[in-house]
Amino acid sequence: MKIATWNINGIKARQENLAQWLETEKPDIVCLQEIKSVDEGFPSATFEALGYHVETHGQKGFNGVALLSRRPPEDVSRGLPGDDEDAQSRYIEGVFSVAGGVIRVASIYLPNGNPVDSDKYPYKLGWMARLREHARTLLALEEPLVLAGDYNVIPRPQDCHDPAVWAGDALFLPQTREAFSALIGLGLTDAVMAGSDDGGQYTFWDYQAGAWQKNNGIRIDHLLLSAEATDRLTATAIGKDVRSWEKPSDHVPVVGTFEFDWV
DNA sequence: ATGGCAGTCTCGGACTGA
């Protein structure tokens, strides 16, 4: 079973792109971020025609997350717990029946946090604290768990082309990286790191300044796994080739392959 | 050396992102 995450940067602008990728990659569950659409505006029919069930948690204009899956989830929850005042659509979680039990998968669009001297950075750190609390609750279930998404966190210096450029950025500040470490420290495994801890395994290249051509990228899209999921992980891949397609997203997919089967 | 993008909502340009 393949479980993927992809910040699609606008589902309406990326419909053809995503459909083509689904047909070639054939993932079983896809976590999308930045759909930039309300639920009613999501072009579900396109993906249903390809055999996917669609669950969305949208918002007008920006943010928004979704789950595409070969089989419908048994249960879906929308929004990250811990703050009823938070109106931004950045979290959707589904529980899927698989042979021998269930697998729980969340699509996460963690706040960017820039500029650092605005209220956006405290919002990011608060959101990360809430995510850690929720992850703690989910890990206590002792289930296969995949927390997949655009974390807007560069975990290590070797996860960007030029650390000096990112030194003061919300994606790389010590507090940001410490919060990410604390999340991992609950007992999660970074799927890409489980395969190889090499630097330069980028998942995002800016549209500006020829970043793709210069390989000026960053690794910010992550699959974080519970032990029960890590035990079944057989491979992790970054779908770098889609960045060179026509009208690409600035992010590329990260795909984990697991020894799970649909019921 | 410098500046360089793109999507949404909506039809001009503000807002957002990383």
Side-chain angles (χ1 to χ4, degrees), chain A residues 5-19 21 31-44 46 56-66 86-91 107-128 148-177 179-180 200-222 238 240 242-254:
Chain A
T5 182
W6 194 3
N7 180 320
I8 202 73
N9 190 20
I11 190 61
K12 283 168 275 193
R14 219 69 62 203
Q15 203 179 148
E16 298 305 319
N17 219 308
L18 177 57
W21 181 75
C31 301
L32 298 174
Q33 300 87 35
E34 278 206 90
I35 63 172
K36 295 186 174 180
S37 171
V38 292
D39 295 334
E40 313 81 70
F42 194 98
S44 299
T46 299
T56 60
H57 183 37
Q59 181 180 339
K60 188 176 179 178
F62 55 106
N63 299 332
V65 287
D86 185 0
Q88 299 189 29
S89 297
R90 296 178 172 277
Y91 187 93
S107 180
I108 291 167
Y109 179 42
L110 205 145
N112 174 301
N114 284 308
V116 169
D117 60 2
S118 73
D119 56 5
K120 293 186 178 183
Y121 193 56
Y123 174 68
K124 176 178 191 152
L125 293 177
W127 209 94
M128 293 183 85
D150 175 0
Y151 279 77
N152 272 316
V153 175
I154 301 167
R156 313 171 302 167
Q158 57 267 50
D159 295 317
C160 62
H161 185 261
D162 183 0
V165 168
W166 294 96
D169 195 281
L171 278 64
F172 192 60
L173 279 175
Q175 272 193 87
T176 304
R177 292 159 60 197
F180 187 74
Q201 301 186 82
Y202 305 139
T203 64
F204 170 93
W205 294 261
D206 201 290
Y207 289 122
Q208 300 186 66
W212 168 245
Q213 288 74 13
K214 296 174 189 168
N215 194 29
N216 178 11
I218 52 179
R219 187 172 73 90
I220 56 174
D221 299 273
H222 309 298
I238 296 171
K240 190 175 176 179
V242 304
R243 188 63 179 77
S244 62
W245 290 8
E246 286 296 308
K247 273 188 61 118
S249 169
D250 39 8
H251 296 251
V252 300
V254 181

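Because only heavy atoms are used, hydrogens play no part in the values below, and waters and symmetry mates are left out as well, while side chains stay in. Throughout, a chain's letter reflects where its sequence line sits, starting with A, and its residues are numbered from 1.
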Describe the nucleic acid contact of [X] in one word from base, sugar-phosphate, nothing, applying a heavy-atom distance below 4.0 Å.
X: A/Arg90; value: sugar-phosphate
X: A/Tyr151; value: nothing
X: A/Asn152; value: sugar-phosphate
X: A/Asn216; value: nothing
X: A/Asp221; value: nothing

Distance, rounded to the nearest Å, where [X] contributes [atom1] and [N] contributes [atom2]:
X: A/Ile8; N: B/dG7; atom1: CD1; atom2: P; value: 12 Å
X: A/His222; N: B/dA18; atom1: NE2; atom2: P; value: 12 Å
X: A/Lys36; N: B/dC15; atom1: NZ; atom2: P; value: 15 Å
X: A/Asp206; N: B/dG3; atom1: CG; atom2: C1'; value: 13 Å
X: A/Gln59; N: B/dG17; atom1: CD; atom2: C1'; value: 13 Å
X: A/Lys214; N: B/dT2; atom1: NZ; atom2: P; value: 13 Å
X: A/Asp119; N: B/dT16; atom1: CG; atom2: P; value: 10 Å
X: A/Glu34; N: B/dC15; atom1: CD; atom2: P; value: 18 Å

*Pick the nucleotide of DNA chain B nearest each of A/Ile35 and A/Gln208; which residue has the one closer to the 5' end?*
A/Gln208
Counting heavy atoms from C-beta on, name the nucleotide in [options] closest to the side chain of [X].
X: A/Lys247; options: B/dT16, B/dG7, B/dA18; result: B/dG7
X: A/Lys60; options: B/dA18, B/dC9, B/dG7; result: B/dC9
X: A/Tyr207; options: B/dC5, B/dA18, B/dG4; result: B/dC5
X: A/Lys120; options: B/dG17, B/dG4, B/dA18; result: B/dG17
X: A/Ala209; options: B/dT8, B/dG4, B/dG17; result: B/dG4

*So, is A/Tyr121 close to the B/dA18 phosphate, meaning a side-chain N or O under 4.0 Å from OP1 or OP2?*
no
*Over 60° means perpendicular and under 30° means parallel, so classify the ring planes of A/Tyr151 and A/His222, tilted if in between.*
tilted
_Expected output is a numbered-order residue list: members of residues 9-18 of chain A with a heavy atom under 4.0 Å from any atom of DNA chain B. What is it?_
A/Asn9, A/Gly10, A/Lys12, A/Ala13, A/Arg14
_With a 3.5 Å distance limit and no angle check, can you tell me whether A/Asp250 reaches the backbone of A/Phe204 through a side-chain donor-acceptor pair?_
no
*Just by distance, do the side chain of A/Asp159 and the backbone of A/Ile154 share a donor-acceptor pair under 3.5 Å?*
no
*Within a reach of under 6.0 Å around CD of A/Gln213, are more than 12 heavy atoms found that belong to other residues, nucleotides or ligands?*
yes
*asked:* In whole Å, measure the gap between the C1' atoms of B/dC11 and B/dC15 for me.
replied: 16 Å
_Euclidean distance for P, B/dA6 against B/dA18 (whole angstrom)_ = 16 Å
*In Å and rounded to the nearest 0.5 Å, what is the CH2 to CG distance from A/Trp127 to A/Asn152?*
10.0 Å
*Distance (rounded to the nearest 0.5 Å) between A/Ile11 CD1 and A/Thr46 OG1*: 8.5 Å
*Centroid-to-centroid, A/Trp21 to A/Trp245, below 6.0 Å?*
no
*A/Tyr121 and A/Thr176, any side-chain heavy atoms less than 4.5 Å apart*: yes
